[in-house]
Engineer: 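Got a structure for you, questions after.
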Amino acid sequence: MSFQFLIESAVIKSLAELYGLNASNKDFQINETKTEFSGDYTIVLFALVKNLKKSPEALGQQLGEHLLLTNEHLFASFNVIKGFLNLVLADAPLLHILESNYQNIHFGKKPATHKKVMVEYSSPNTNKPLHLGHLRNNFLGWSVAEILKANGHEVIKTAVVNDRGIHICKSMLAWELYANGATPESANEKGDHFVGDYYVKFNDEYLQEIATLKDTGMAEEVAKKEAPIMKKTQQMLLDWEEGNKEVRALWQKMNGWVYDGFEKTYKKIGSDFDHTFYESETYLLGKDFVKEGLQKNILYKKDDGSVWIDLTAEGLDEKLVLRADGTSVYITQDIGLAKEKFENYHLDQSIYVIGDEQLYHMKVLKEILRKLGLPFADEVHHLSYGMVELTSGKMKSREGTVVDADDLIQEMETTAAQHTMELGKVNDFTPQELNKLYETLALGAMKFYLLRVDPKKRMVFNPEESIDFHGYTGPFVQYTYARVQSIMRKLQSKSTFNAEEENKPTTYREALLPLERQLIIYLEKYGNIIEEAGKEMNPSAVANYVFHLAKLFNSFYAEHSVANAETNEKQQLRIRLSLMSSLVIKSGLQLLGIGVPERM
RNA sequence: GGCCCCGUAGCUCAGUGGAUAGAGCAACAGCCUUCUAAGCUGUGGGUCGAACGUUCGAGUCGUUCCGGGGUCACCA
């Protein structure tokens with residue numbers, strides 16, 4: 001029962017008792033009181049004024065008095081300024097929140113809803129290593145899954161690995177032509193990078209062949225099709241589809257290398273999946289729907305035998321769903337896979353974490369599912385996110401500006417090590433402990449940096465900024481957690497400190513000080529944040545919250561001492577405040593996939 | 001060109017139709033014989049892309065325009 005809800009209910013009740021008004025929470029607004037005014041929560045009265053034919057001031061006065069009278073346990077006082085009724089909460093409910101939750105690791109989380117949700121994210125191609133864009137996708141998908149769990153849903157994390165197709169054949173062919181049997185082991189390279197090199201090699205050769213053909217007077221468009229290396233690749237794809245043993249063996253071998261590499265990266269960044277779909281196993285799905293769609297006249301066949309759907313009435317275009325030769329296109333298998341997901345897992349909702357460049361594609365998919373009359377069509381949700389750009393513009397593999405995920409992590413760890421050494425606070429750590437700390441900080445910085453912005457928006461990756469450990473960053477929040485742990489260690493080492501005593505419920509007689517109040521009120525909102533972040537599927541709401549919480553705690557920390565509190569009662573209170581702050585910070589960071597160090 | 005998204009401080013971003021638009025970075029000025037200074041406190045910095053409109057009230061909603069991006073593949 002959040003304060004927000006309690007106040008809402010109290011206001012509705014008062015409006016009924018005072019004026020016989022049957023109001024709902026949509027008829028008025030409750031805001032947090034702005035810092036320049038005194039109060040904790042504010043009722044905005046303007047919307048009510050019309051119905052009640054009263055001046056805002058008079059209404060505020062009457063409502064305030066009535067609220068205070070009927071909820072003396074909740075409110076301490078009120079003031080009215082223009083159309084705003086500012087309410088000050090009493091200490092007792094604040095202390096109650098603190099007392100009953102400062103050790104509650106489930107604080108803010110929702111009870112089970114029995115809603116089953118699948119989150120598909122990551123979904124890499126097996127022809128090159130992961131880059132910065134994949135990181136945003138992975139962090140986002142993982143975090144949204146955790147946030148949905150915190151909202152009480154059952155969540156299944158999945159990846160769809162794009163392991164077949166012409167682009168995969170490109171690296172295979174290049175390896176065959178130029179590798180002389182080299183392997184990741186012989187080259188001493190991570191498997192995904194190794195294969196990626198041959199993908200690059202393919203493109204280099206391809207461009208050269210095009211240039212050569214153009215020199216003979218061939219038009220560029222024709223040259224692109226006629227380049228021998230491209231023809232060989234296409235042949236390889238045909239061989240693959242026919243199940244040619246050698247091609248399949250090569251394919252398996254090279255994909256295996258890539259998976260080894262991916263696994264290392266996933267493990268490092270903490271991505272995990274309950275199930276992985278492989279396109280090589282799903283790409284034939286969906287063809288049945290084409291037959292069905294033709295029978296129902298939802299789809300139509302062109303003269304060349306290709307099958308289309310007309311979505312012009314929906315404001316979209318005509319879209320091919322099956323090639324003239326009867327082979328699937330991307331959307332064909334998507335239709336099949338969508339059904340597979342719902343039927344095999346009995347889902348209530350299916351979320352796709354995919355970049356916004358595919359907004360149109362996903363819209364088309366949903367529309368086709370709807371037209372086919374599939375009952376789950378409306379429960380397909382595209383969680384689209386914006387591209388990550390560099391300060392210099394877009395990442396372009398051709399210009400070598402793609403930020404590689406593994407490199408980036410390595411760089412961040414190096415930076416974390418530098419900062420840590422300079423500060424010299426953990427000189428007694430073992431090398432293992434140090435490495436663990438660097439990893440926690442590096443990933444904390446990266447994840448926070450990529451998750452703190454609204455997923456829907458494009459974002460700029462600024463290397464210097466991302467590596468910053470001050471201000472609105474992961475390490476800042478982690479630091480705040482470590483600070484609390486440090487306080488507790490200090491207290492426990494004191495002979496006067498008694499753990500038994502510390503756990504006894506306390507009755508507080510001294511009034512809460514402003515920062516103590518603010519902290520409790522802010523901590524109490526955590527549940528609302530989880531709910532909001534879940535509804536919007538937006539981890540940045542959590543990042544924002546947890547940062548402000550850390551900020552607030554640090555102000556409190558600078559202003560008030562825990563160890564040398566004025567009285568024993570204040571010390572007990574501040575210990576609980578500190579514990580609860582660190583607990584919520586840890587919990588919130590966990591939802592972002594970020595760990596906390598005990599010392600840093 | 002059609003459709004979709006975005007324009008908020010020098011930079012990166014917050015901002016459920018409500019009070020004098022906020023953070024971080026960068027700049028400047030303070031604070032470590034007391035719990036971790038990866039911190040705290042303060043100062044400066046804005047025509048919320050532009051114009052109309054709706055509203056008691058617009059950064060937020062609507063229309064138009066300007067600027068940026070995405071997409072409209074028998075690519076994925």
Side-chain angles (χ1 to χ4, degrees), chain A residues 29-31 33-37 42 44-47 49-50 56 81-84 86 123 125 162 164-168 279 304 306-308 315-325 327-331 334 354-361 363-364 384 386-387 389 391 394 416 419-420 422-423 425-426 441 445 449 452-454 456-462 464-466 468-473 475-480 482-491 494 532 536 540-541 543-544 547-548 550-551 553-565 574 578 599-600:
Chain A
Q29 251 181 55
I30 300 180
N31 295 343
T33 305
K34 295 221 161 198
T35 44
E36 58 261 46
F37 302 98
T42 296
V44 184
L45 302 164
F46 299 106
V49 166
K50 252 184 261 169
I81 299 170
K82 294 197 276 179
F84 301 94
N86 300 320
S123 305
N125 293 354
N162 179 224
R164 61 163 285 280
I166 192 83
H167 51 296
I168 308 298
E279 285 200 10
D304 65 358
S306 59
V307 181
W308 295 71
L316 306 170
D317 302 275
E318 295 185 355
K319 184 90 185 171
L320 177 101
V321 294
L322 201 65
R323 292 192 185 104
D325 62 7
T327 57
S328 301
V329 287
Y330 195 60
I331 197 116
D334 273 349
I354 304 179
D356 62 8
E357 68 215 334
Q358 290 192 39
L359 272 163
Y360 178 78
H361 175 85
K363 224 169 154 179
V364 169
S384 85
M387 297 290 103
E389 290 173 16
T391 40
K394 285 189 183 173
H419 280 258
T420 304
E422 276 166 27
L423 292 168
K425 294 178 184 179
V426 289
L441 294 175
Y449 185 82
R452 70 185 193 183
V453 289
D454 186 335
K456 288 192 291 294
K457 295 192 178 175
R458 272 184 293 147
M459 67 173 292
V460 175
F461 181 85
N462 180 330
E464 289 105 63
E465 206 174 76
S466 73
D468 198 348
F469 285 20
H470 305 269
Y472 191 21
T473 66
F476 169 86
V477 184
Q478 291 171 317
Y479 173 74
T480 310
R483 254 187 161 174
V484 174
Q485 307 321 305
S486 173
I487 297 174
M488 295 306 147
R489 279 193 300 274
K490 202 65 96 178
L491 282 169
K494 281 190 180 178
E532 182 201 326
E536 308 287 326
S540 78
N544 237 299
F547 168 71
H548 283 289
K551 190 97 185 117
F553 182 83
N554 281 324
S555 297
F556 160 82
Y557 176 92
E559 188 76 19
H560 304 296
S561 176
V562 180
N564 299 312
R574 288 178 193 161
S578 303
R599 287 175 59 193
M600 65 185 271

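Residue numbers start from 1 in every chain, and the chains themselves are labelled A, B, ... in the order their sequence lines are given, proteins ahead of strands.
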Engineer: Dot-bracket notation for RNA chain B is requested: 5' to 3', Watson-Crick or G-U wobble pairs only, both distances under 3.5 Å, with ( ), [ ], | and . as defined.
Structural biologist: (((((((..((((....[...)))).(((((.......))))).....(((((..]....))))))))))))....

Engineer: NA contact type, Met387(A), heavy-atom cut-off 4.0 Å: base, sugar-phosphate, or nothing?
Structural biologist: nothing

Engineer: Please classify the nucleic acid contact of Thr420(A) as base, sugar-phosphate, or nothing, using heavy-atom distances under 4.0 Å.
Structural biologist: base

Engineer: Have a look at Ala558(A) and say if it touches a base, only the backbone sugar-phosphate, or nothing, with a 4.0 Å heavy-atom cut-off.
Structural biologist: sugar-phosphate

Engineer: Would you mind reading off the distance between Glu389(A) atom CD and C11(B) atom P, rounded to a whole angstrom?
Structural biologist: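 Whole-Å distance recorded here is 16 Å.
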
Engineer: For Gln478(A) and G39(B), give me the distance from atom CD to atom P, rounded to whole Å.
Structural biologist: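 Distance, rounded to whole Å: 12 Å.
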
Engineer: What interatomic distance, in whole Å, is found between C1' of U60(B) and the corresponding atom of G22(B)?
Structural biologist: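 Those two atoms are separated by 15 Å.
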
Engineer: Of all residues at least two apart in sequence or in a different chain, which pass the side chain to side chain contact (heavy atoms under 4.5 Å, CB included) check with Glu357(A)?
Structural biologist: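 Checked Glu357(A) against side chain to side chain contact (heavy atoms under 4.5 Å, CB included); matches are Met387(A).
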
Engineer: Expressed in whole Å, how much space separates the C1' atoms belonging to G39(B) and C56(B)?
Structural biologist: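 My reading of the C1' atoms in G39(B) and C56(B) gives 45 Å.
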
Engineer: Does the side chain of Lys551(A) come within less than 4.5 Å of Thr480(A)'s, by heavy atoms?
Structural biologist: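 No - every pair of side-chain heavy atoms lies 4.5 Å or more apart.
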
Engineer: Of all residues at least two apart in sequence or in a different chain, which pass the side chain to side chain contact (heavy atoms under 4.5 Å, CB included) check with Gln485(A)?
Structural biologist: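 In terms of side chain to side chain contact (heavy atoms under 4.5 Å, CB included), with neighbours along the sequence ignored, Gln485(A) is linked to Tyr481(A), Arg489(A), Ser582(A), Glu598(A).
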
Engineer: Heavy atoms only, 4.0 Å cut-off, all strands: where does Asn544(A) land among base, sugar-phosphate and nothing?
Structural biologist: sugar-phosphate

Engineer: Contact class for Leu322(A) vs. all strands (heavy atom < 4.0 Å): base, sugar-phosphate, or nothing?
Structural biologist: nothing

Engineer: Please classify the nucleic acid contact of Val453(A) as base, sugar-phosphate, or nothing, using heavy-atom distances under 4.0 Å.
Structural biologist: sugar-phosphate

Engineer: Strictly under 4.0 angstrom, non-hydrogen atoms only: write out the protein contact profile of nucleotides 19-29 of chain B, one letter per nucleotide from the 5' end, B, S or -.
Structural biologist: B---SBS----

Engineer: Any non-hydrogen side-chain atom of Arg323(A) less than 4.5 Å from a side-chain atom of Leu320(A)?
Structural biologist: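 Counting from C-beta outward, Arg323(A) and Leu320(A) do come under 4.5 Å.
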
Engineer: In this structure, how many angstroms lie between the P atom of U36(B) and the CD1 atom of Ile487(A), rounded?
Structural biologist: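 Spelled out: CD1 on Ile487(A) to P on U36(B) is 7 Å.
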
Engineer: U41(B), OP1 or OP2 - any side-chain N/O from Ser555(A) closer than 4.0 Å?
Structural biologist: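 Ser555(A) to U41(B) OP1/OP2: side-chain N or O found under 4.0 Å.
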
Engineer: Looking at Glu389(A) and Lys457(A), is there a salt bridge between them, counting it only when a charged N and a carboxylate O are closer than 4.0 Å?
Structural biologist: no

Engineer: Going by heavy atoms in the side chains, are Met600(A) and Tyr479(A) under 4.5 Å from each other?
Structural biologist: yes

Engineer: Between Asn462(A) and Thr391(A), does a side-chain hydrogen bond (donor to acceptor under 3.5 Å, both in side chains) hold up when you go through it step by step?
Structural biologist: CA-CA 6 Å; Asn462(A) 180 330; Thr391(A) 40; 5.6 Å; no

Engineer: Are Glu465(A) and Tyr472(A) packed together at the side-chain level, in the sense that at least one heavy-atom pair is separated by less than 4.5 angstrom?
Structural biologist: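 Glu465(A) does not reach Tyr472(A) side chain to side chain.
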
Engineer: With rounding to the closest Å, how many angstrom separate the P atoms on U41(B) and A50(B)?
Structural biologist: 33 Å

Engineer: Would you check if Val329(A) and Leu322(A) make a side-chain contact, meaning some heavy-atom pair closer than 4.5 Å?
Structural biologist: no

Engineer: Can you find a heavy atom in the side chain of Ser578(A) that is under 4.5 Å from one in the side chain of Met488(A)?
Structural biologist: yes

Engineer: Verify, without hydrogens or angle tests, whether Arg599(A) (side chain) and Ser486(A) (backbone) share a donor-acceptor contact under 3.5 angstrom.
Structural biologist: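 Checked: no pair found.
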
Engineer: List for me each residue that meets ring-ring contact (aromatic ring centres under 6.0 Å, His included) alongside Phe556(A), sequence neighbours excluded, and say none if there are none.
Structural biologist: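 Residues passing ring-ring contact (aromatic ring centres under 6.0 Å, His included) with Phe556(A): Phe553(A), His560(A).
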
Engineer: For G57(B) and G53(B), measure between their P atoms and round to the nearest Å.
Structural biologist: 12 Å

Engineer: Got a donor-acceptor contact below 3.5 angstrom from the Arg452(A) side chain to the Asn544(A) backbone?
Structural biologist: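 Looks like no, no N/O pair under 3.5 Å.
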
Engineer: Using the C1' atom in both, what is the distance from A9(B) to A14(B), to the nearest Å?
Structural biologist: 13 Å

Engineer: Expressed as a whole number of angstroms, how long is the span from Phe476(A):CZ to U36(B):C1'?
Structural biologist: 13 Å

Engineer: What's the CD-P distance between Glu559(A) and U34(B), to the nearest Å?
Structural biologist: 17 Å

Engineer: Between His361(A) and Asp334(A), is there a side-chain heavy-atom distance shorter than 4.5 Å?
Structural biologist: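 Answer yes - side chains close enough.
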
Engineer: Using side chain to side chain contact (heavy atoms under 4.5 Å, CB included) as the criterion, list what pairs up with Val453(A), not counting sequence neighbours.
Structural biologist: Arg136(A), Met459(A)

Engineer: Quick check on C32(B): syn or anti? Syn means the glycosidic torsion is within 90 degrees of zero.
Structural biologist: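 Here the answer is syn: the torsion falls within 90° of 0.
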
Engineer: Suppose we screen for side chain to side chain contact (heavy atoms under 4.5 Å, CB included). Which residues come up paired with Ala416(A), at least two apart in sequence or across chains?
Structural biologist: Tyr438(A), Leu441(A), Phe469(A)

Engineer: If you draw the axis of the six-membered ring of Tyr557(A), does the NZ or CZ of Arg483(A) fall within 45° of it and under 6.0 Å from the ring centre?
Structural biologist: yes

Engineer: Under 3.5 Å, which N/O atoms of the protein pair with N/O atoms of nucleotides 74-76 of chain B?
Structural biologist:
unit_1, atom_1, unit_2, atom_2, d
C74(B), N4, Asp304(A), OD2, 2.5
C75(B), OP2, Arg323(A), NE, 3.4
C75(B), OP2, Arg323(A), NH2, 3.2
A76(B), O3', Asn162(A), OD1, 2.6
A76(B), O3', Asn162(A), ND2, 2.6
A76(B), O2', Asn162(A), OD1, 3.4

Engineer: Taking only residues two or more places apart in sequence or in another chain, which ones pass salt bridge (charged side-chain N to carboxylate O under 4.0 Å, His left out) with Lys456(A)?
Structural biologist: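 Lys456(A) satisfies salt bridge (charged side-chain N to carboxylate O under 4.0 Å, His left out) with Asp454(A) only.
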
Engineer: Short question: side chain of Thr473(A), backbone of Phe476(A) - any donor-acceptor pair under 3.5 Å?
Structural biologist: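 At least one qualifying donor-acceptor pair exists.
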
Engineer: Between the protein and nucleotides 56-59 of chain B, list every N/O to N/O distance that falls short of 3.5 Å.
Structural biologist:
none

Engineer: When rounded to the nearest 0.5 angstrom, what distance separates NZ in Lys34(A) from CZ in Phe84(A)?
Structural biologist: 9.0 Å

Engineer: Could you tell me whether Val460(A) contacts a base, only the sugar-phosphate backbone, or nothing, with contacts defined as non-hydrogen atoms closer than 4.0 Å?
Structural biologist: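 It contacts sugar-phosphate atoms only.
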
Engineer: Rounded to the nearest angstrom, tell me the gap between atom NE2 in His560(A) and atom P in U41(B).
Structural biologist: 12 Å

Engineer: Between A23(B) and G15(B), how many Å separate the two C1' atoms, rounded to a whole number?
Structural biologist: 10 Å

Engineer: Whole angstrom is fine here: how far is it from CG in Asp454(A) over to P in C13(B)?
Structural biologist: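 My rounded result for the distance is 11 Å.
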
Engineer: Please give the distance between the P atoms of C40(B) and A26(B) as a whole number of Å.
Structural biologist: 13 Å

Engineer: Which protein N or O atoms sit under 3.5 Å from an N or O of nucleotides 30-32 of chain B?
Structural biologist:
none

Engineer: Can you tell me how far P in A19(B) sits from the matching atom in C61(B), rounded to whole Å?
Structural biologist: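 Result for the P pair: 16 Å, nearest Å.
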
Engineer: Answer with yes or no whether the side chains of Tyr449(A) and Asp468(A) bring together a donor and an acceptor at under 3.5 Å.
Structural biologist: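 No, Tyr449(A) and Asp468(A) have no side-chain donor paired with an acceptor closer than 3.5 Å.
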
Engineer: Are the ring of Tyr360(A) and the base ring of C3(B) both nearer than 5.5 Å at their centres and tilted by less than 30°?
Structural biologist: no

Engineer: Which sits closer to the 5' end of RNA chain B, Arg489(A) or Ile30(A), going by the nucleotide each is nearest to?
Structural biologist: Ile30(A)

Engineer: Would you list the protein and nucleotides 4-9 of chain B atom pairs, both N or O, that sit under 3.5 Å from each other?
Structural biologist:
unit_1, atom_1, unit_2, atom_2, d
G7(B), OP1, Lys457(A), NZ, 3.1

